[in-house]
Amino acid sequence: MHYKVSPGDRVFDFINYLIMILVFIVMVFPFLHLINYSLSNPSLVSGKFLFYPKQFNLDSYRAIFANPDVLNGIYISLARTIIGTSFMAIVTSMAAYVITRDDMVGIKFIRRYFVFTMYFSGGIIPTYILIKSLGLVGTFWVYVIPSAVSVFNMILIKTYIEGIPKELEESALIDGANDAYLFARIILPLCLPVMAAISLFAGIGQWNAFIDTQFYNAMHPELFPLQYVLYNSFQTITSVEQFTNSMSGAEKFRMLTPQSLKIAMTVITVLPIMLVYPFLQKYFMKGLLLGAVKG
Amino acid sequence: MLQRKLYRQRYLFLMLAPAFLLVLIFNYVPLVGWMLAFKRYQVGLGFWASEWVGLEQFKRFFMQSTDYVYLLQNTLSINFMMIITNLTLGLLFAVLLNEIRRRFFVKIIQTVSFFPFFISWVIIYSIANTFLSSSSGLLNELLMKWGILSEGLNILGESKYAWPLVILLEAWKSVGYISIIFIAAISAIPGEQYEAADIDGATRVQKLKFITIPNLMPTFVVILILNSGWILNSNFELFYMFTNATNWEKMEVLDMYIYKFGLQQLNYSYASAVGIVKTIVSIAILLSVNAFSKKMTGKSIF
């Protein structure tokens, strides 16, 4: 496009770039500060904007990775992310395929049955009582089973499948393929982009979740995900000695502070998302717009 | 005939079964739990044997206490200001970003502004604590170092900071995300409108004001309506992290109150009754926002 650049345009551009640079700083600096804080000598960081680490060292991380609660938290977080996301993807995509089939017996009822749940929910208390009476409290499965069906994702997948030419399905059916084969071998491979998008969203949701632990597993430290270990640390880490007392060579962590431990723990909790985000942002945007179009 | 069809579709039924059953158990069975609100639930007796008390729990909430006053005030004000702030900033940000012609720069800004959408409220709490805490937060350390204050501001604890705090944090988290929807809407504006404006000699600011922003209003209204129905259900984790013993008067919302009475004090029946009140309020908001926008802009979704 051709622009005639007037003085007014220049002023506009100047202010606009200034605003964008400000946005950049507001979005990026908090993370930069935390990362630099975690890599610094904690006695040198008070009252400073940290654009780089002061006296670079990894002691905070050494202390954290020597703590068994943190290691168990990483393990639980990874497990719930992988198992929970796979389970959701399988259960939801199978049902999504079924609701694209107009010839299915009772299809109108089935569609309404799922969509209705997007508008009404049982609320916190009835859901809690249900999960408790199912015996899921105090188990790992409370992270996986109640969130296994996402009706929102189901509708995204359904919309995507409806965009695939019907002839593919029809010709496979004429060749004598059964419905399960048709779904697994023909439809699902074509759904890879939408499956990737919903899995990423669900995976991030699983990694970030902590309130279900507060509700159902607060008495079961062996099931705390990393997010909850971090949340707990805000209240429980009052001294470095107490955090490191079970470790050998704890005296070498003497220069750490509770604050530096919490910040380093924050960084390792957010780091996996930071690392996957730049590569996957394209999928995220696609997934979001898929959702927005469908409303 | 039907039997043969059912047999032919047996694989479809097998594929549907897991999702169907899970939804039945986790979405439909809890609806029965709303009956708790009309009972006096006792743990020893269980759900079915507990005594029916009619509207007693509702009377307790509305007549024997005045909690509903501050709860409704906080819940409605905070959530409403949040969504308006998010949408307004998201729209302005999208419009300004769209005016930048260096694609690479646009991509970087979009990438960094979208990122906070993907981090948990625990992380945001930790960031807020690092920058704002009254003793060791960077802001207070700087203000004291420069001699502006002698004592740190207790932004996370004092109730007068509660609303701006959570509204700004929520905006920081979501503006990038909302702007993506608006950017998609901008690209759908027909080019002829801008060409006509060019011929009339309109400036860039005039084009934004009279073409771009008016064209985005339908999107604004639709997102507002779609979100207004469930704003009361969102952001539990935000309120869970930021409500505390010193700022609860301005921070506690219906969800936190339900959590406090239900899961902490185990008063299931009372908490369920408040839950029903919340659902009714949600539906009322949805319908009134819809009616309001129909009257003002002619746009509605029902």
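Naming convention: chains lettered A, B, ... in sequence-line order (proteins, then strands); numbering from 1 in each chain.
- Residue contact with chain B, scored on non-hydrogen atoms closer than 4.5 Å, is absent for A/Ile15.
- When every heavy atom of A/Phe87 is checked against every heavy atom of A/Ala148, the shortest pair comes out as CD2-CB, 3.5 Å.
- Heavy atoms of A/Ile129 lying under 4.5 Å from chain B belong exclusively to its side chain.
- Salt bridge A/Asp13/B/Arg204: present, at least one basic N to carboxylate O contact under 4.0 Å.
- With a 4.5 angstrom heavy-atom cutoff, A/Gln227 touches chain B via backbone and side-chain atoms both.
- Proximity of B/Tyr41 to B/Leu266: side-chain heavy atoms (C-beta onward) are nowhere separated by under 4.5 Å.
- Contact annotation for A/Val270: both backbone and side-chain heavy atoms come within less than 4.5 Å of a heavy atom of chain B.
- A salt bridge does not link B/Arg8 with A/Asp179: none of the charged nitrogens is closer than 4.0 Å to a carboxylate oxygen.
- Looking at A/Met265, neither its backbone nor its side chain comes within 4.5 Å of chain B, counting heavy atoms on both sides.
- Using a 4.5 Å cut-off between heavy atoms, A/Ile145 contacts chain B through both its backbone and its side chain.
- In this structure, chain B has no heavy atom under 4.5 Å from any part of A/Tyr181.
- Because its NZ or CZ atom is not both nearer than 6.0 Å to the ring centre of A/Tyr97 and within 45° of the ring axis, A/Lys158 does not count as a cation-pi partner of that residue.
- Interface residue A/Ile124: only side-chain heavy atoms are found under 4.5 Å from chain B.
- Proximity to chain B involves both the backbone and the side chain of A/Val91, based on heavy atoms less than 4.5 angstrom apart.
- For B/Phe131, the part lying under 4.5 angstrom from a heavy atom of chain A is the side chain only.
- Contact check for B/Asn235 versus B/Trp121: side-chain heavy atoms found under the 4.5 Å cut-off.
- In this structure, no portion of A/Ile90 lies under 4.5 Å from any heavy atom of chain B.
- Only the side chain of A/Phe12 comes within contact range of chain B, with heavy atoms under 4.5 Å apart.
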